[in-house]
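By convention in this document, chain letters (A, B, ...) are assigned in the order of the sequence lines, proteins followed by strands, and residues within each chain are numbered from 1.
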2 protein chains.
Amino acid sequence: MTATSYVAEQDFKRLNPVTVPSTSSFGPVGTRTFFAGDVIYRRGDKAMKIYRIDTGAVRVYRVSPSGCRNILAFHSAGEWFGLEASGHHEDYAEAICETRLRPFSTSGSMPLPVSLLDLCLRNLSFAYVRQSLIVRPTAVARVAGFIEEEACKSAGGGPEFELLMSRADIADYLGLTVESVARAFTRLSSRRIIRLDGRLHRRVRILDPSRLIVASL
Amino acid sequence: MTATSYVAEQDFKRLNPVTVPSTSSFGPVGTRTFFAGDVIYRRGDKAMKIYRIDTGAVRVYRVSPSGCRNILAFHSAGEWFGLEASGHHEDYAEAICETRLRPFSTSGSMPLPVSLLDLCLRNLSFAYVRQSLIVRPTAVARVAGFIEEEACKSAGGGPEFELLMSRADIADYLGLTVESVARAFTRLSSRRIIRLDGRLHRRVRILDPSRLIVASL
DNA sequence: CGTCAAGTTGAAGCACCTCAAGCGGGGTGG
DNA sequence: CCACCCCGCTTGAGGTGCTTCAACTTGACG
């Protein structure tokens with residue numbers, strides 16, 4: 001179980017053209033833009049805001065005492081994250097691609113456009129789904145379940161969609177190694193259950209939804 | 001019905017700063033008693049109440065499409081459970097041993113003695129802890145982490161405590177088989193990190209806390 | 001064209017799972 | 001009272017699948 005290096009995508013970010021974070025007058029706090037690998041908050045930071053994703057995607061993770069990164073959740077457009085029980089963040093949040101966020105202060109008197117309880121229940125529900133993913137016995141089952149999940153989130157159930165996250169991110173989310181994830185993808189691909197295309201093989205087309213479900217059991 | 005009543009040492013001061021008024025002041029809802037294996041609610045039941053545990057312990061689980069039981073959480077004295085996002089329960093709840101509960105209606109006009117948001121945040125926090133447990137690579141690491149967790153919850157960090165749940169429960173919680181859990185226990189035991197005693201070897205004494213931590217990494 | 005990052009593939013080793021058998025305590029019935 | 005059964009736990013042997021380490025491919029960028 002190798003600890004993944006997080007330096008990688010930050011280097012990648014430096015190659016991207018730098019744009020000024022737009023401070024459009026949207027509500028009490030403006031929109032902020034992040035690039036792949038940018039840190040949104042760190043463990044230990046004061047938790048005073050919650051964030052809504054306009055475009056892009058975010059990974060929320062913790063680092064175990066042994067140094068392994070453990071991704072708790074991927075959040076994509078329309079979702080909220082950043083709510084903490086205590087006054088400080090217990091985890092890290094990073095953009096996995098170009099991402100526009102709207103922060104909302106939780107301490108201010110400004111009314112929030114979302115119920116904190118609903119938000120929390122939704123994230124709890126996500127957590128339970130992930131738990132049922134991780135305990136699946138084989139790597140193929142976990143990856144197949146992950147693909148189903150992403151298909152629902154990204155494409156509204158449509159057959160084709162783009163994975164925003166790297167294989168390493170998926171591995172740290174599913175509790176597998178990068179190699180096992182890659183092998184699971186190729187196995188599903190060679191069995192004609194999915195097809196992989198595009199840059200870094202991150203474009204997924206589900207060819208046989210019913211066999212994908214069978215594979216995920 | 002097996003009247004196997006494991007009388008748990010309760011000190012329910014720890015997690016909840018909320019003080020619960022006596023049942024009488026809350027009118028219609030009283031205390032209910034369950035025995036080991038009794039069902040508290042089922043998947044599909046209308047979710048109209050939340051429950052506070054007075055004494056005993058509860059397992060909350062789901063059943064995967066493939067028929068595997070997946071335990072999401074163990075709750076013990078002082079903790080709350082049963083809150084659902086939708087109007088129906090997505091999971092099952094059963095008593096692990098003799099358990100006294102206080103149900104509180106969430107729909108009534110009666111004020112609740114606990115913040116639903118706090119409750120939800122706490123359960124989310126539990127879920128994240130469990131996730132970091134499950135992804136640990138080896139069976140010994142998972143079981144060691146589980147023992148630490150239970151020591152904190154049951155004995156307030158004390159060196160000796162009683163496991164309320166069976167090895168099968170632990171297995172379904174950690175994503176392992178019963179045999180692997182048993183082997184991990186014996187391994188920790190023969191390495192003099194813990195000692196197992198009592199009925200069904202459920203009494204655990206932590207002999208070497210620091211090596212337990214090392215084993216859990 | 002060289003470099004680097006991300007992904008894929010191969011080979012060897014080990015950990016977990018499966019199946020099976022063996023304990024041991026508690027409860028039941030003769 | 002004692003034998004028996006049942007259930008939970010433990011232990012053993014064999015097979016499978018994941019991890020580890022390593023090499024290779026591909027695409028992007030300068």
Novice: Give the nucleotide from the list C/dT8, C/dT9, D/dC18 with an atom nearest to the side chain of A/Leu176.
Specialist: D/dC18
Novice: Of the listed nucleotides (D/dC18, D/dT19, C/dC17), which one gets closest to any side-chain atom of A/Arg183?
Specialist: D/dT19
Novice: Whole angstrom is fine here: how far is it from CG in B/Leu196 over to P in D/dC9?
Specialist: 11 Å
Novice: I want to verify a distance call: between D/dG8, C/dG10, C/dC17, whose nearest atom is closest to the B/Ser166 side chain?
Specialist: D/dG8
Novice: Nearest to the side chain of A/Leu200 - C/dG7, D/dG12, D/dT10?
Specialist: C/dG7
Novice: Taking only the side-chain nitrogens and oxygens of B/Thr177, find out if one of them lies under 4.0 Å from OP1 or OP2 of C/dC16.
Specialist: no
Novice: Round to a whole Å and report the spacing from CZ of A/Arg142 to P of C/dC16.
Specialist: 13 Å
Novice: Of the nucleotides D/dT11, D/dT19, C/dG7, which has the atom closest to the A/His201 side chain?
Specialist: C/dG7
Novice: Quick one: do B/Glu179 and B/Arg167 make a salt bridge, cutoff under 4.0 Å?
Specialist: no
Novice: Look at all strands and tell whether B/Gly175 reaches a base, only sugar-phosphate, or nothing, counting heavy atoms closer than 4.0 Å.
Specialist: sugar-phosphate
Novice: Taking the inter-plane angle between the rings of B/Phe81 and B/His75 on a 0 to 90° scale, is it parallel (under 30°), tilted (30 to 60°) or perpendicular (over 60°)?
Specialist: parallel
Novice: In whole angstrom, give the distance that lies between atom CG of A/Leu163 and atom C1' of C/dT8.
Specialist: 16 Å
Novice: Could you tell me the separation between the OH atom of A/Tyr41 and the OH atom of A/Tyr92, rounded to the nearest 0.5 Å?
Specialist: 11.5 Å
Novice: Considering only side-chain heavy atoms of B/Ala182, which listed nucleotide, D/dT10, C/dG7, D/dA13, is closest?
Specialist: D/dT10
Novice: Across the strands shown, which category fits A/Thr186 at heavy-atom distances under 4.0 angstrom: base, sugar-phosphate, nothing?
Specialist: sugar-phosphate
Novice: When the distance from CD1 of B/Ile170 to C1' of C/dC16 is rounded to whole Å, what number comes out?
Specialist: 17 Å
Novice: Let's see if you can work this out: which of C/dA6, C/dC17, C/dT9 has an atom nearest to the side-chain heavy atoms of A/Arg202?
Specialist: C/dA6
Novice: Find the distance between CZ (A/Arg136) and CD1 (A/Ile134) and round it off to the nearest 0.5 Å.
Specialist: 10.5 Å
Novice: What nucleotide, of C/dT18, D/dC21, C/dG7, holds the atom closest to the side chain of B/Glu179?
Specialist: C/dT18
Novice: Within less than 4.0 Å of OP1 or OP2 of D/dC18, is there a side-chain N or O belonging to A/Ser180?
Specialist: no
Novice: In terms of side-chain heavy atoms of A/Arg187, which of D/dT10, D/dC18, C/dT9 is nearest?
Specialist: D/dC18
Novice: At under 4.0 Å, does any side-chain N or O of B/Arg167 touch on OP1 or OP2 of D/dT10?
Specialist: yes
Novice: Charged N to carboxylate O below 4.0 Å: is that the case for B/Arg122 and B/Glu79?
Specialist: no
Novice: Mind calculating the distance between CG (B/Asp172) and P (D/dC9) to the nearest angstrom?
Specialist: 12 Å
Novice: Calculate the interatomic distance between B/Arg136 atom CZ and C/dC16 atom C1'; express it in whole Å.
Specialist: 18 Å
Novice: Looking at every heavy atom in both A/Cys97 and A/Ala57, which two are closest together, and how far apart are they?
Specialist: SG-N, 3.7 Å
Novice: Taking atom P of D/dC9 as reference, at what distance in whole Å does atom CG of B/Asp169 sit?
Specialist: 8 Å
Novice: Without decimals, in angstroms, what is the distance between B/Asp197 CG and D/dC9 C1'?
Specialist: 15 Å
